[in-house]
Amino acid sequence: MAPTPAALAPLDQVRDALDPGAWSTTTADLAGMAHDASHYLLRPRAIATPSTLEELVGALTAANRAGQPVVFRAGGTSLSGQAGTDGVLIDVRRHFAEVEVLDDGARVRCAPGAVLRRVNALLARYGRKLGPDPASEIACTVGGVVANNSSGMTSGIAATAYHTLDEIRFVLPTGTVVDTGLADADARLRAAEPQLHAGLLRLRDRIRATPTLRAVIAHQFSMKNTMGYALNAFLDHDEPAQILAHLMVGSEGTLGYIASVVLRAVPVPTEHATALLVLPDAGAATDALPELLGAGARAAELMDAAALRVAQQLTAAPAQMKDLRIERHAGLLVEFQTTDADQLAAQVAAAAPVVQRLGLATEFSAEPAARAAMWTVRKGLYAAVAGARRPGTTNLLEDIAVPPAALTETVRSLARMFDQYGYDDAVIFGHARDANLHFMITPNLDDPAELAGYEAFTEDLVDLVLGMDGTLKAEHGTGRIMSAYVRRQFGDELYEVMREVKRLCDPRGILAPGVVLDDDPRAHVRHLKVVPTVGGAADRCVDCGFCEPACPSRNTTTTPRRRIALLREAELAAATGDTATRDAIESAYDYDAVQTCAADSLCARACPVDIDTGSLMKSLRTEGHGALAQRGGRAVAGAWGPVSAGVRTGMRVADVMPTPVLSGVTSALRAVLPHELVPAVGPELPGAGRKRSALPAPEASATGATAGSATIDAVFFPSCTGAMFGPAAGGEGASAAFLEVCERAGLTVALADRIDGLCCGTPWASKGFAAGHDAMAVRVADSVLASTDGGRLPLISDAASCTHGLAELGEHLDPARAEAWAGVEVLDAVSYVRREVLARLDVTAPLESLALHPTCSTEHLGTGGDLQTVAAAVAREVTVPPSWGCCGYAGDRGMLHPELTAGATEAEAAEIAQAEAEHGAFEAYASCNRTCEMGMTRATGREYEHVLELLARVTRPA
């Protein structure tokens, strides 16, 4: 339903404070951005994406004058309903992601949109990391971590954002900017906001003068606690500026906008020892905790019997767990972490008597693979339960904390409550060292009976936790889910203190209404998200947003989370008869979701429930092609030799045309023809490549065993991208470089039979031409099986995406061919060179510096280490930008939609430019896929080439 003119009036005032491109009220944008990781759904009236702090402050103050609700949204990984609004949603992830490492890694300055994993990657070179270590670090942002006072498995209380905060810069709704990094920050606050300053002093003195209030606060914040506001700030700090700074931590965007923070970093542990202890019951597990923690354990993760039963089904589960008949058992995943090997040995020795007393044969392991398997068991619980839930249900992951002495009884009581309310698939796990429990249930909140059950369960939960003198929220923030219970937990007097803090900072109440504080006793069951089924893997989506930082289109159109959210929103609109909303979403979906998806499937690697949204979009492309188009795709596959020769001819013509003329012609054609048919070309477009059969390699015999008198060591499948697109200026191309270094190493490589007519199949898969892909797969399999002597010889490709396509070719073959294909070892040229060639070469002229761009395919293939090793042989210093990701070129997608590549490479290109500004230009720039090299050349203005071209160059005899 469209907003009324009266509702639009205050929106117009906010809109006018922004650049036109920073404002959207389209149905698709509003529907897609409404979803966060919680089970709440409020549909915003507008999306604001300011690009500067000044622009954001202008929008904020305009909203304040107009009384328009505002919520700040970054990663959207919050589970308690903090990131949704029916007012203006201000996206602070897009343009506020700056990170500055200070004092050799001792501190770090971060803007709110900086993703935690990227910050830790920048700190890693200094042996440091951020103190908070939430499980969502792949996607959560510093702004969210600070706003929720997130913690994690090893941070405890001491290493949270609250306790590692050094400086903070925040903006009040009036536009007042407070920067505690300034020596006179308190005087500035008093001058700009005298009532706020005086009010904070008044509250400070009132709390300190009342022993009962001090005692409640001291107890509440002796635990992990994110319920309500951080009232411990009134006891920990004297000046109002510092009190307010620490009240901002955990305030969930309800007091002001956190523009930047300086956090103290902590050392990264270098020594680890891990054990998974399976004990008779929760009591035995909690009884062992004091001694294990006393020995120095940094992590102690508890899993109840239900969680262990789920863990048994995981592939990584240890054999002793899989074979165990679980009854009342409980698990403890215990890890020691230090930076000193002797200290680690002493800690493990101190823990040995505890393990022996428990009658366990378990030993602590420092072996990375064994440790990773144990942590996979713990971290896999969420995915296993959430992914297997009934269609249409919601995964509700909650967190509480209790005094350590109450932990055992709390676990037992929760298990009884799950039985009482029929939550048969519920699991309990958590950070036992902090007596911080997580539990997950999966109710259908659209079912009135299940909703009533959930309400009753929540009341019993509140009684249980508060009866144990615990806190209802330990890590995930109060949000909407517990805002109605803050008064019960803290009492009337401290609740009024919190309300006064809110009134002092946000007198008009525009910041995230209903979040943290709400007097409505049923606030937690308002605005619940309905989860309609849309079919297939998409129904497993939990809206967590883990996929978004890896998505190439995140800055251009949509993300995997939003693609699925839009499918659900269209389905819901259809079910309710809202044809206008359904039509608006569907009309935008082809471009916003389907065509601008790079289909690189990195989202699947990040997704906790294994959804490959790239594959889903490719299936929608397939559905969009009619029978005639599919026959055309098959015909192209059958005539790939002539087709690719035609492309080379076109590239030669394009190469002799002046770039402005060529760009003008394609731009004119794109103005009248679909962009899926006409590419946009620019100066990065290279000349034509070389016909693959003309490469200087021996001809393979029928058996693939010999060529003339030479013994064949491998069969080469050069990529057709190298045949179409010529090498970088002055280069020889990846195919020629690979053959050159193999020859230099004394290895003989033969070309696959009939190579000019073959392709890995990726172009057909990407574009949704399933029939053509299947046809090409058969041709490739027959050729390769003959050329490799049935798989006796390895098959090598010189483009990572082609290697990936060949590795998955068996999925498109009939059973007999698929079985034969499974016996073929498919290797990327970089991996083959690392394994067989590198040790036989002498580097005669190494480069000083190299900027390296891995690719999405190296991630899928697991060959990133090989790429790094070869790059390290080429150059003395190799730099991989922390923000590297899929370049979005995706074969020809970067030519059809150059805006996709521009958005995908924005952060990485900026990091390259910053490194060049600080240290000068790199001597070379490299990747391992021709189209990715073209995409990065366009993004940076630097000539990228294949790393093997550089290797050939630096190993040539002087």
Side-chain angles (χ1 to χ4, degrees), residues 129 131 133 135 151-159 223-224 266-305 307-308 311 316-321 323-324 326 328-379 381 401-408 411 428-438:
K129 68 181 186 70
D133 60 340
S151 46
M153 289 178 284
T154 64
S155 62
I157 296 173
M223 303 175 283
K224 280 186 177 180
V266 300
V268 174
T270 55
E271 308 293 330
H272 304 80
T274 313
L276 181 58
L277 312 179
V278 179
L279 299 150
D281 56 33
T286 54
D287 287 346
L289 275 175
E291 291 177 271
L292 292 169
L293 297 177
R298 285 286 303 277
E301 296 295 299
L302 178 70
M303 292 170 275
D304 76 340
L308 289 177
Q320 65 268 30
M321 176 180 284
D323 297 337
L324 183 66
I326 294 173
R328 299 175 57 203
H329 294 81
L332 267 183
L333 178 58
V334 180
E335 182 162 284
F336 294 92
Q337 303 175 353
T338 75
T339 56
D340 180 88
D342 292 337
Q343 184 184 36
L344 181 70
Q347 290 177 343
V348 172
V354 187
V355 177
Q356 292 170 2
R357 178 175 58 76
L358 294 170
L360 302 175
T362 306
E363 294 185 357
F364 284 87
S365 175
E367 202 276 315
R371 290 182 50 250
M374 285 184 269
W375 277 110
T376 297
V377 167
R378 160 63 178 85
K379 294 179 179 179
L381 296 174
V402 294
L407 183 60
T408 301
V411 173
I428 302 172
F429 52 95
H431 316 311
R433 61 165 278 180
D434 303 309
N436 170 201
L437 295 175
H438 297 293

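Scope of the values below: all heavy atoms of this structure, side chains included, with no hydrogens, waters or symmetry mates.
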[atom1]-[atom2] distance between [X] and [Y], expressed to the nearest 0.5 angstrom:
X	Y	atom1	atom2	answer
T376	R371	OG1	CZ	11.0 Å
L302	I428	CG	CD1	8.0 Å
M374	E301	CE	CD	13.5 Å
L292	L277	CG	CG	6.5 Å
T408	D287	OG1	CG	6.0 Å
L289	E291	CG	CD	10.0 Å

For [X] against [Y], the heavy-atom pair lying closest together:
X	Y	value
A284	L358	O-CD2, 4.5 Å
V334	A297	CG1-CB, 3.8 Å
L407	T286	CD2-CG2, 3.5 Å
A305	I326	O-CG2, 3.8 Å
A275	T362	CB-CG2, 3.7 Å
L332	A432	CD2-CB, 4.1 Å

- Is atom CD of E367 surrounded by more than 12 heavy atoms (other residues, nucleotides or ligands) closer than 6.0 Å? yes

Is a side-chain N or O of [X] found less than 3.5 angstrom from the main chain of [Y], in a donor-acceptor match?
X	Y	answer
R433	T154	yes
K129	P269	no
N436	H431	no
D281	R328	no

State, with a plain yes or no, whether a side-chain heavy atom of [X] is found less than 4.5 Å away from one of [Y].
X	Y	result
L279	L360	yes
D340	E271	no
K379	M153	yes
L308	V377	no

- Query: Checking side-chain contact (heavy atoms from CB on, under 4.5 Å) against F364, which of T274, L276, V348 comes through?
  - Reply: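 Passing option: V348.
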
